[in-house]
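Side-chain atoms are counted along with the backbone in the values below, which use heavy atoms only and exclude waters and symmetry mates.
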Amino acid sequence: MEKVLITGISGGQGRLLARRLLESYEVCGVDRLAWEGRPRDVTVHLVDLRKKKFEDVIRTELPTAVVHMGFIRHFRGDERTRHDVNVRGTKQLLDHCTHYGVQKLVVLSSGYVYGAFPENPYYMDEDHPLSASRSYPEIRDLVEVDTLASAFIWKYPHIRTCVLRPVNVLGYFVHSMIGGYLREKYSPTIMGFDPMMQFIHEEDVCEAIALALQHGLQGVFNVVGPGAVPLHTAIRETGGTAIPLPEPLVRPIFERMFRIGLWPYPTGAIDFLKFPVTLSGKRFVDATSFRCLFGLEEIFESMRK
Amino acid sequence: MLPILSGVRSVARDLGGALLPLSLRDLEREVDDRLSKIPTRLNEFGFDPFGFSPAAVRPSALFAALLHRRYFRTETHDIDRVPRGRVLLIANHAGQLPFDGMMISAAMLLEAEPPRVVRAMAEFWVPQIPWVNIWMARGGVLVGTPENCASMLEAGECVLAFPEGVRGMNKTIDQRYKLQRFGLGFLRLALETDTPIVPVAVVGSEEQQPGLLNFPALGKLLGMPAFPITPTFPWLGPLGLLPLPVKYHLYFGEPLHFDGASTDEDAVIQQKVDEVRRAIERMFARGRGERRGVFF
């Protein structure tokens, strides 16, 4: 039986994936936080990806496959720590993969790396430049992680490496930025803007990762859900109320509130409420015949307050 | 939304509808009927993948239908030549404001079988304007990147392009019915996506706002693509933007199919573009010969 190591296993997405993979793989994981009430046959090691102890885990567990989703995606902590954990952690992981005979690697990046811009075409493919740092410097670490992993594909072709870029992930367990935003009773939006947004259910993201492992996919793939709706429709359908605010007012206020910790999102995120970032999932569907189980209505249903 | 508020709103809408003249109500019903027959696939929330929504576009469609029937009294010729599925409409562009695009859209909605939503391509700065960007997306307009145009065509939509661009729109009245230089991009896209081209001649728009002079430098200063002087603009202020009630004639040509590589040299592409131009010019000649006057 193949052995999979999941980084960030105690997060919502990690737990779901561990349970999903348990039928067909031996599953272990690493995280900085414990997973209380995990299934008996899952081992979780409490380590920091940047530390030598993580290498020890890989050396003793000797996984044949690794799913890398141990990233800090929120902005509550120190900016430098976040960058270091995400980028150096990934670099260490990639090095260990080359030394300890890992055969398959799946890196869970995100669709945000393309960035939100007025000139974005609809349904961008994987070759579109990753420009997020131009307007949203706070997530440049995620762009760097994606770039590191994509370069790894060509440097070590004998390891089946796959970078997945899912669209906005929603669901009961997963803690995504967009999920937190839609879970609020009142969601501030930018007056006069209502971009199309794609969503995917957390279970379908698990399914996509499982498919990538099963097929031993190599390459970069957008992972797209059942469709797109305007932002205001998504807010309404998840049971919230949109509060449209004028941008010239919102930007400086949110910037100050973010700096003193009263507001969880940096101002770079505002552009994602203005311009569409829509991806084409054709390449992934062609490679795996992936089909989403959850439709838009079910996705929104899972987010109702 | 409070239920009572939406109740009041629906009563107000019914009352307003009842007070409209009978003919307008008929037009309203016709527009609704045509909008419901558009073959574009919508999701469970009533949007297509690019943000087009028949429900949201209804007021502007009604306005366009009014202009089409009453103000410009548009006559369409051979609209049945537009094939089903993907197609690129190529038309002349004139008259300072893009009423020509609006009238072609209205004709495709009201006269074509089945009714089609015309996907126009907008300038890059349009998505940055509040509200305008929403209105544009709900009406099926996209930013004019080659990727967007290609994905529209691959989705089997009807795309309208004016290869003259502002060169045509802001030309002066002495240049009427003289086609300006055509861009080549549309033909490369047609070759790449194997799309038939239907040339469209708009007769009438060229006289709707006779440009006497144009000061592009002044326009640039004001953030506009041109600064035209017409008999009414800028003298009458915003009122001067109103077009003359000319009579519109739309001529749809035979679909043109082109073969070849989309990466060919400009000279090769130019020959094919010239073929489209000549088709429009032939329809100009026919249209101007047939009409009795600019206003009738």
Exercise for the section: Among B:Ile129, B:Thr145, B:Ile134, single out the residue with the greatest number of heavy-atom pairs under 4.5 Å to chain A. Expected result: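 Highest number of heavy-atom pairs under 4.5 Å: B:Ile134.
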Atom [atom1] of [X] with >12 non-hydrogen neighbours under 6.0 angstrom:
X        : atom1 : value
B:Arg41  : CZ    : no
B:Arg84  : CZ    : no
B:Trp135 : CH2   : no
B:Asp259 : CG    : no
A:Glu119 : CD    : yes

Should [X] and [Y] count as side-chain neighbours, where that means a heavy-atom distance under 4.5 Å?
X        : Y        : result
A:Met191 : B:Trp131 : yes
A:Glu237 : B:Phe45  : yes
B:Glu147 : A:Tyr123 : no

Handout entry: B:Asn43 side-chain N/O to A:Ala228 backbone N/O, donor-acceptor pair under 3.5 Å
Key =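 Yes, because the side chain of B:Asn43 sits within donor-acceptor range (under 3.5 Å) of the backbone of A:Ala228.
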Of all the heavy-atom pairs spanning [X] and [Y], show the shortest one and how long it is.
X        : Y        : result
B:Asn133 : A:Asp194 : OD1-N, 4.3 Å
A:Pro118 : B:Pro127 : O-CG, 3.6 Å
B:Pro49  : A:Met196 : O-CE, 3.9 Å
A:Tyr122 : B:Asn148 : N-OD1, 2.7 Å

Exercise for the section: Quick one: pull up CD in B:Glu44 and CZ in A:Phe300 and give me the separation to the nearest 0.5 Å. Expected result: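 Reported to 0.5 Å precision, the distance equals 8.5 Å.
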Exercise for the section: Sort out for me which of A:Asn120, A:Leu296, A:Thr241 touches chain B most, counting heavy-atom pairs under 4.5 Å. Expected result: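 Between A:Asn120, A:Leu296, A:Thr241, the count favours A:Leu296.
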Handout entry: chain A contact via B:Phe47 - side chain, backbone, both or neither, heavy atoms under 4.5 Å
Key =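 Contact with chain A: side chain only.
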